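Report on the structure given below.
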Number of protein chains: 2
Amino acid sequence: MEESHDDGMNIGLLLFLPYRSLETRVFAALARAGYDDFTAAQMKIMQRIGPDGTRLTDLAEQAQVTKQTAGFLVGQLEKGGWVVRTPDPTDGRARLVCLTERAKEAIPVADAAVAEVTADWEAHLGPRRMKRLRETLIMLREIADPYAHQ
Amino acid sequence: MEESHDDGMNIGLLLFLPYRSLETRVFAALARAGYDDFTAAQMKIMQRIGPDGTRLTDLAEQAQVTKQTAGFLVGQLEKGGWVVRTPDPTDGRARLVCLTERAKEAIPVADAAVAEVTADWEAHLGPRRMKRLRETLIMLREIADPYAHQ
DNA sequence: TACATTAGTCAGAGACACTGACTAATGTAG
DNA sequence: CTACATTAGTCAGTGTCTCTGACTAATGTA
């Protein structure tokens with residue numbers, strides 16, 4: 001604990017604060033648009049579902065939870081009509097978790113909310129700084145994301 | 001959900017990934033040093049305790065949880081010998097949550113872990129980019145942290 | 001002195017995340 | 001082609017986190 005007390009401000013907290021701010025605002029925007037019957041944990045799973053569906057194990061790995069936890073959350077999402085599980089044609093053991101139409105309709109709402117937050121940030125930081133921030137974070141991902149795929 | 005699908009990468013995820021990486025590594029370093037009997041949620045509370053103690057309500061506000069949750073976590077920390085609650089001389093209703101000696105001893109361990117991670121990042125990004133990242137995040141905090149104090 | 005506010009607690013419930021043990025399908029070595 | 005290990009996913013049980021609602025006690029204010 002107490003990761004602070006270094007030179008300036010704790011870099012972890014500095015990363016976390018805007019992340020939380022963004023997440024909160026996107027969540028609120030979705031709720032305002034009527035998409036209010038899912039939780040933050042469920043959203044984290046849904047975020048990771050690809051256009052052609054994603055396996056439970058992959059979702060678990062990317063969200064950094066156990067497959068049991070991912071299974072629980074996918075179960076909740078299925079009950080709520082956000083996802084369906086379809087058999088994976090390439091592997092009889094596996095099933096693909098896919099977004100339903102309803103879930104796909106929510107994507108533009110979420111995107112718009114992200115765009116609004118991003119615009120606020122850019123207005124505060126200026127376009128140059130904002131662009132560099134994004135570039136730096138993409139670069140940082142190479143070493144800070146065990147799951148970086150590219 | 002599905003906050004992605006914009007131009008490049010979801011900026012929220014880009015902020016979150018290094019945050020999580022840092023947190024995981026600091027947590028692991030503390031565990032290796034023998035400080036392994038507290039949880040991530042408890043750490044988030046402890047992080048916010050000032051050198052002269054902090055009120056429960058303030059901890060709750062900063063960590064963005066209810067005071068009941070903060071109270072629960074402080075209770076766990078108290079059982080584990082990480083904090084003590086002392087009366088607040090200026091307000092008979094309030095108590096100050098203070099770090100014990102044991103907790104204070106863990107601070108340099110956490111700081112060293114943060115320094116190590118920061119060094120890794122700087123090695124990857126280069127000193128200029130790292131410096132700008134920190135500056136930008138501090139600037140961003142002004143609008144992304146409802147609790148920014150300064 | 002009455003009333004509203006603030007600090008914190010108690011009780012109960014739901015959500016989340018873990019470990020361990022399991023089934024079924026797949027891949028591999030002999 | 002058979003035995004073994006691996007992989008995908010589920011079931012059961014438990015502990016932790018977080019919330020809402022209702023409450024006590026101290027403080028501030030009219």
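What's counted below: heavy atoms across the whole structure, side chains too, no hydrogens, waters or symmetry copies. These numbers come from a predicted model, not from an experiment. Numbered from 1 within each chain, the chains take letters A, B, ... in sequence-line order.
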Strictly by Watson-Crick or wobble contacts shorter than 3.5 Å, is anything paired with [N], and which nucleotide is it?
{"N": "D:dA30", "answer": "C:dT1"}
{"N": "C:dG30", "answer": "D:dC1"}
{"N": "D:dA25", "answer": "C:dT6"}

How close or far is atom [atom2] of [N] from atom [atom1] of [X], stated in whole angstroms?
{"X": "B:Asp37", "N": "D:dG15", "atom1": "CG", "atom2": "P", "result": "18 Å"}
{"X": "A:Lys79", "N": "C:dC16", "atom1": "NZ", "atom2": "C1'", "result": "14 Å"}
{"X": "A:Met46", "N": "C:dC16", "atom1": "CE", "atom2": "P", "result": "11 Å"}
{"X": "B:Phe72", "N": "C:dC16", "atom1": "CZ", "atom2": "P", "result": "17 Å"}
{"X": "B:Glu61", "N": "C:dG8", "atom1": "CD", "atom2": "C1'", "result": "14 Å"}
{"X": "A:Gln76", "N": "C:dA17", "atom1": "CD", "atom2": "C1'", "result": "13 Å"}
{"X": "A:Arg55", "N": "D:dG9", "atom1": "CZ", "atom2": "P", "result": "6 Å"}
{"X": "A:Leu73", "N": "D:dG9", "atom1": "CG", "atom2": "C1'", "result": "15 Å"}

**Request:** Indicate for each nucleotide in nucleotides 20-30 of chain D, in 5' to 3' sequence, whether protein heavy atoms under 4.0 Å reach the base (B), only the sugar-phosphate (S), or nothing (-).
**Result:** BB----BS---

Would you say [Y] ends up clustered with [X] if hydrophobic residues are merged whenever their side chains have heavy atoms under 4.5 Å apart, either directly or through other cluster members?
{"X": "A:Val84", "Y": "A:Leu77", "answer": "no"}
{"X": "B:Ile49", "Y": "B:Leu96", "answer": "no"}
{"X": "B:Leu137", "Y": "A:Leu13", "answer": "yes"}

**Aromatic ring proximity B:Tyr35/B:Phe27, centre distance under 6.0 Å** = no

**Asked** Where do B:Gly81 and B:Thr100 come nearest, in terms of heavy atoms and distance?
**Response** O-OG1, 2.8 Å

Are OP1 or OP2 of [N] and a side-chain N or O of [X] less than 4.0 angstrom apart?
{"X": "A:Arg85", "N": "D:dA8", "value": "no"}
{"X": "B:Thr57", "N": "C:dT6", "value": "no"}
{"X": "A:Gln42", "N": "C:dC16", "value": "yes"}

Closest to side chain of [X], choosing from [options]:
{"X": "B:Arg95", "options": "D:dT18, C:dC18, C:dG8", "result": "C:dG8"}
{"X": "B:Ala94", "options": "C:dA17, C:dG8, D:dC17", "result": "C:dG8"}
{"X": "A:Val65", "options": "C:dC18, C:dC16, C:dG8", "result": "C:dC18"}

**Request:** Could you tell me the separation between the CG atom of A:Leu59 and the CD1 atom of A:Ile45, rounded to the nearest 0.5 Å?
**Result:** 5.5 Å

**Prompt:** If you measure from CD on A:Gln64 to CD on A:Gln62, what distance do you get to the nearest 0.5 Å?
**Reply:** 10.0 Å

